[in-house]
Amino acid sequence: VTVCNCLLNGLLKSNQLDCCWEIYDEMGRIGIFPNTYTFNILTRVLCRDGDANKVNVFLEKMDEEGFDPDVVTYNTLIDSYCRKGRMDDAFYMYKIMYRRGVPPDLVSYTTLMKGLCKGGRVKEAHQLFHRMVNRGFIPDIIAFNSLISGYCRQGKMQESRSLLHEMIQSGILPDGFTCRTLIEGYVNGGRFLYALNLIMELKRWGVLIPPDIYCYLIMALCQENRPNAALSLFRRVSQDGYNPSFEVYSELIGSFCKYDNSLQASLLKDEMVCKGHKPDLVTYRALIACFCRLGKSAEAESLMDNMVDSGLVPDSLICRALINGFCKEGDLDKAESLLTYFAEVFHLYDTESYNSLIQVFCEKGDVTKSFELQDKMLKLGFVPN
RNA sequence: CUUGUCAGGAC
């Protein structure tokens with residue numbers, strides 16, 4: 001039976017609900033008697049199917065076979081209703097439990113609290129928390145985290161903080177979940193300094209900060225267009241032995257590019273390569289566009305050469321950035337040779353780049369050159385629009 | 001071997 005239960009649970013987790021019933025039938029056929037675990041797993045299967053009537057039918061059948069729903073069964077049902085936002089039904093189950101002599105436990109309360117939080121009823125969740133404590137339950141880390149998360153999602157950070165302290169005072173050390181929830185709360189409100197201070201405080205309490213929190217913060221700072229702040233955090237945590245990831249480097253480089261700090265961006269790119277990460281097309285695109293925008297097209301071109309050496313193929317955005325860059329700098333020969341290069345080597349025919357080059361020739365009154373260009377391009381199979 | 005802590009799911 002335990003083997004079957006294990007299998008059923010696996011099927012449930014991989015969302016193969018139909019298979020569950022096949023297994024259940026098969027069990028009957030070969031004479032394996034289901035136990036409470038079996039029924040509880042199947043209850044979950046039905047809950048996920050989303051048919052309330054079927055659940056009731058099944059519970060009756062369970063009853064016929066001599067199994068009374070236990071606290072796990074009820075908690076499963078409560079959770080299912082909570083996830084669907086049907087809080088009335090969830091509380092109804094909670095009342096039924098008492099009536100049937102199955103008293104709710106910590107899990108029941110936590111589940112209900114989470115359901116209330118999800119519907120934005122955090123205040124009521126907190127009241128339920130108090131009621132639970134008054135009934136003699138000792139909240140555990142999950143109970144605290146659920147409520148803290150509810151407050152954080154509403155941006156009620158002062159309440160979250162006071163729960164955090166309540167939690168620590170009751171002898172529970174916050175974990176990675178707690179940390180992550182609170183940090184996300186601050187970041188969503190744009191309060192990065194509070195987030196950083198919280199990390200310091202948690203460290204002082206002896207909480208291990210999960211490394212991906214730093215990653216998250218750095219990326220969030222980048223997306224807020226604060227690459228310098230992101231970089232200084234990055235440097236600080238690198239000293240703690242935190243290994244910078246490909247994603248973090250990419251994000252930092254992109255952010256500095258957007259900030260027109262081409263120097264810092266390219267330093268980071270070199271550092272990234274040294275650490276064994278290969279910048280991708282998006283990163284090169286950002287770098288090249290940034291250099292071109294700042295009138296440093298020659299450097300942009302050598303970046304493109306790096307990129308090609310590393311096995312990446314330039315796209316039309318890169319082509320456009322370079323051609324426009326050289327046009328703006330007045331180096332039309334270079335622009336033209338690049339246009340040829342992209343067409344010949346990469347079969348990249350970017351009409352927009354082509355047009356801007358023609359336009360520059362025409363603006364200079366050099367119509368002859370413009371026609372010569374068209375001849376050359378036609379020979380390469382590059383047709384104007 | 002079964003229930004609770006970001007999300008738990010798409011036009």
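Lettering follows sequence order; numbering is per chain, from 1.
- Listed by residue number, the members of residues 62-92 of chain A with any heavy atom below 4.0 angstrom from RNA chain B are A:Val72, A:Asn75, A:Thr76, A:Asp79, A:Arg83.
- Comparing the same atom, P, in B:rG9 and in B:rG4 gives a spacing of 14 Å after rounding to whole Å.
- Residues of residues 166-179 of chain A that place a heavy atom closer than 4.0 Å to RNA chain B, in numerical order, are A:Phe177.
- Screening residues 105-117 of chain A for salt bridge (Lys or Arg N to Asp or Glu O under 4.0 Å) gives no qualifying pairs among residues at least two apart or on separate chains.
- Legend: residues meeting side chain to side chain contact (heavy atoms under 4.5 Å, CB included) with A:Asn15, ordered by chain and number and at least two apart, are A:Leu17, A:Arg48.
- Not counting sequence neighbours, the partners of A:Glu344 by the side chain to side chain contact (heavy atoms under 4.5 Å, CB included) test are A:Thr340, A:Leu380.
- If you walk RNA chain B from 5' to 3' and mark each nucleotide with an atom closer than 4.0 Å to a heavy atom of chain A, the marks span B:rC1 to B:rG8.
- Identified under the salt bridge (Lys or Arg N to Asp or Glu O under 4.0 Å) test for residues 246-258 of chain A, with sequence neighbours left out: none.
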Exercise. Any chance you could encode RNA chain B as dot-bracket? Rule is Watson-Crick or G-U wobble with both distances under 3.5 Å; [ ] for pairs crossing earlier ones, | for another strand.
Key: ...........
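- Between A:Asp79 and A:Arg83 a salt bridge is recorded (basic side-chain N to carboxylate O distance below 4.0 Å).
- Listed by chain and number, the residues in a side chain to side chain contact (heavy atoms under 4.5 Å, CB included) with A:Val273 are A:Lys269, A:Pro279 (sequence neighbours excluded).
- Residue pairs satisfying the salt bridge (Lys or Arg N to Asp or Glu O under 4.0 Å) criterion with at least one member in residues 15-25 of chain A, sequence neighbours excluded, are absent.
- Relative ring orientation between A:Tyr354 and A:Phe382 is described as tilted, the plane-to-plane angle lying within the 30° to 60° band.
- Under the rule for a side chain to side chain donor-acceptor pair (under 3.5 Å), the partners of A:Arg285 that lie at least two apart in sequence or sit in another chain are A:Asp315.
- RNA chain B is contacted by no residue of residues 209-225 of chain A, taking any non-hydrogen atom closer than 4.0 Å.
- Hydrophobic clustering, with ILVMFWY side chains joined whenever heavy atoms are under 4.5 angstrom apart, keeps A:Phe361 apart from A:Val367.
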